[in-house]
Structure formats: structure tokens, C-alpha cells
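Residue numbers begin at 1 in each chain, while the letters A, B, ... track the order of the sequences.
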2 protein chains.
Amino acid sequence: MAKKAKADSDLSTEEKIKEAARKVFTRKGYAATRTRDIAEEADINLALLNYYFRSKGKLFEIIMAEKMQQFFGVMEPMLNNTSTTLQNKIERITSAYIDLITHNPDLPLFILSEIRNSPEHFLKITGKASALFKSVLIKQIQEKKPDRNPLHFLLNLMSMCVFPFVMNPVLKKMGAVDEKTFAKMMKERKKLIPVWVKSMLEAE
Amino acid sequence: MAKKAKADSDLSTEEKIKEAARKVFTRKGYAATRTRDIAEEADINLALLNYYFRSKGKLFEIIMAEKMQQFFGVMEPMLNNTSTTLQNKIERITSAYIDLITHNPDLPLFILSEIRNSPEHFLKITGKASALFKSVLIKQIQEKKPDRNPLHFLLNLMSMCVFPFVMNPVLKKMGAVDEKTFAKMMKERKKLIPVWVKSMLEAE
DNA sequence: GTCTATAACCTGATAGAC
DNA sequence: GTCTATCAGGTTATAGAC
């Protein structure tokens, strides 16, 4: 991720196709995407897509795996870090999610809707739950609220970070926010969400 | 909504098609849905779909309008109610959203992803923002936190109610929750979310 | 590796019999 | 109103020339 300044024409054909596929698949979803859209976006001949990736489905699987890693990878480095406080972990996760999705606004809706439809692509995430529940992060939450399912708080954290981006297109079309206001709000939320989560963990 | 016990065979052909369209469209989205899927689900002949609704697109518009009303209608009755406290409004909105989506699990992802793709279907929600910002609900939030954009709190409320349902398929596939646990958690959240929102409004 | 042309298939929609 | 048969158009994928 050091240098992303390369123009499309500097990339190999294969990478140009992948870059175009990332863009089109995440924006429109698998079903609404035509291989022609990808070819056009990549500025290459349609036949080359099949030459490099065999099929639309194969290309999709590659992009999907990549995007799932991106989306779920945010929490991973924080799970078993024993040298940070819970509050610090929450701050880092908040910041990482808001930064990631700010630069990939289509990511959450893509992941969440494609996972629901395609029963094949998450063999890679299956079974990660045990690792989650044995994590340091979960233990730190349980110390604060031993009688409550700790998933509640993880869900709240993710909800408040991710869901506003999912609502953003709707809010815009309602005229409730413009792009500038939304960006400003999400920047504010980097500070606010950790405060809110803390107050939730102390509530009742 | 008094009696939903009618079997499919009791419904008119037109209503059977609409019922099937609700199910298939909300589950798979517009692009991934084939008119043949709907016909099969409705147990009718494919040609009848066009006989009653002219086209796939026309049928979709009907279902979409219905579903948008369902989704955004939840908040409407609370917006300008002058005889309830903020806390009471939050409790009612929470309860209404969780009940609605419990019975229509595919609703949020359907609304949110179809709105992003189709630039035609929300002429009906466009411009509702002014009504929102002039509402009693917003004023009551501003009384509590005058210096903060009140949208933050509405977003938090919706996030915590809606987003867990959107994550549910993922959580299931990870093995993080089973159906029973999830249902139990969402029932708990009816009580918890209002408490959490209250603590957020008093934080800092 | 890249292109053109086309095959093979799928999907929405309709014509016309009943 | 409902059915069968079929058309027209679009989409993925490949064959074959360069």
C-alpha cells in the first residue's frame, strides 16, 4: 500500500482487470455486474477477462476473498493484544473501521449482501467464532459486564462504526446530509464512539 | 395484519404473485431475481406475471414502494408526538424496529442495497429531511445535547436496532450465534438499547 | 497476449390457443 | 384468466486469426 500512484496503464493487464473488478463488483454486486462492465472499466478486451481468470465466478471469488479479509481483518490484530486496555482497543478498532470504510465506502454493503446470497465463499471465515470467544478482547469486556453476552458490545461497536456508511446513500437522497457534513460526522465519531461505548459499559 | 392464516391457494392470483415477489425480491435483490423464480414461488404460470404486472420492473416498483414505507414508516409516528418523553420515544422506536425486522429479516439489506443502485425509486423519500429536522424528536434530542448534531444519536439508535440483523447471516456462518441465541439477544436489546442511548446522551 | 467473431445459453416478454 | 410455445435480446464463454 506504499505507492498507489500508478496509473492504470502502468499496471499489468491482469492487475488492471482485478482493479476494475474490485470497483464494479463492490459497487453493483455479483448479479448486477456484467463482464462487459469490468472489461470496459479496465479498458481491455472482453476476451481477456476469461483468458486471465477463466470465468466471471472465478474472478469474483478472488475479489470476494480479498474484500472479506479487508473487512474482518480490522478486528483481528486487536483480539489477542495483551498489552492494551479495553478502552484503547475500542479506540483503535473504531479508528481503523472508519478509516477503512471511508476509503472503501461500498465495502460493507458488498460484504454483507454477497455473503447472504452465496453459500460457498465463507468457508474461510467459518469456525473463527471460537477464536473470537476465547480472545483477550472478549475477556476484557466480560470483566466489565460479566452477566451480559459480550457480543452485545461488539455488535454495538461495529454497528456505530459501520452502519452510518450503509445509511449514507439514503441520507444523501433524503437531503439529510451532504457529503461534507457526513465526512465531518464520521471524523467526529472517531472520538465519540469510544466515549459512548464506555458509557454503555458502565450503564445500568 | 389481523389474520395471516390464509393459505396461498386462498389468495387471488394477483396477490399470490405479489406475495411471492415480496419474498424473492427482498431475499435476492432485483438483479439476482428471475421472473421464473417468482412464478415458481407463487406456483403460477410465468406468463401470468406479465399479464398482471406488465413487467418485472413494474412489479418491483410496487414491492419496493411497499417495503420503503414499511422500513421508514417506523419512525414517522414518533417524530412529532408532543405527549411522550424522549426516553419513551426511544423505547417505542426500538421496540417497533426490532419487531418489524424480526418478522422481515431481509428488509434492511434489501432497502439499503436497492436504494443505492436504483436512482428512480426514492422520489418518494426525497425531501423528507426538512420534516425530520423540524420534528419534535430532534428538538428533544437537542435539548439534551445542544452542541452535537442530533443525527448522531438517531444514527446510533437505528444502528443498534438494525445492524445486528444485517450481521446475523455472517454471525451464523461464523458459528458465533445460533438462531435461538440471536433471537434471545434481540429480545434483550429491546430493553438494553434505550438504556444505552440514555447513557450516551448523558456521557462526556 | 490480444483481438474479432460467434457459439451456447439464459431471461424477459408476448402471441395465440383454450 | 390461464396455459404452451416461442421470440428477441442480452450475457458468458470460447474458437481461431494475428
For [X] and [N], what is the distance between atoms [atom1] and [atom2] respectively, to the nearest whole Å?
{"X": "A/Lys28", "N": "D/dT11", "atom1": "NZ", "atom2": "C1'", "value": "13 Å"}
{"X": "A/Asp37", "N": "D/dG10", "atom1": "CG", "atom2": "P", "value": "14 Å"}
{"X": "A/Ile17", "N": "C/dC3", "atom1": "CD1", "atom2": "P", "value": "10 Å"}
{"X": "A/Phe53", "N": "C/dT2", "atom1": "CZ", "atom2": "P", "value": "12 Å"}

Practice problem: Look at the side chain of A/Lys28 and the backbone N and O of A/Thr33, then say whether any donor-acceptor pair between them is shorter than 3.5 Å. | Solution: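 Looks like no, no N/O pair under 3.5 Å.
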Quiz prompt | Short side-chain to backbone donor-acceptor contact, B/Glu114 and B/Gly29, under 3.5 Å | solution =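 Answer holds: no.
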Quiz item: Under a 4.0 Å N-O cut-off, is there an ion pair linking B/Glu41 with B/Arg22?
Solution: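 Looking at B/Glu41 and B/Arg22, the cut-off is not met.
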Self-check item: Aromatic centroids of A/Tyr97 and A/Phe71 separated by under 6.0 Å
Solution: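 Yes, close enough.
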Quiz item: Does A/Phe25 have A/Lys56 sitting over its ring (NZ/CZ under 6.0 Å from centre, angle to axis within 45°)?
Solution: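 Relative to the ring axis of A/Phe25, which defines the angle, A/Lys56 lies outside at least one limit.
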Quiz item: Where along nucleotides 12-18 of chain C does protein come under 4.0 Å, by heavy atom, of base (B) or sugar-phosphate alone (S), with - for untouched nucleotides?
Solution: BBB----
Quiz item: Hey, are the side chains of B/Leu107 and B/Leu100 touching, using non-hydrogen atoms and a 4.5 Å cut-off?
Solution: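 B/Leu107 vs B/Leu100: side chains touch.
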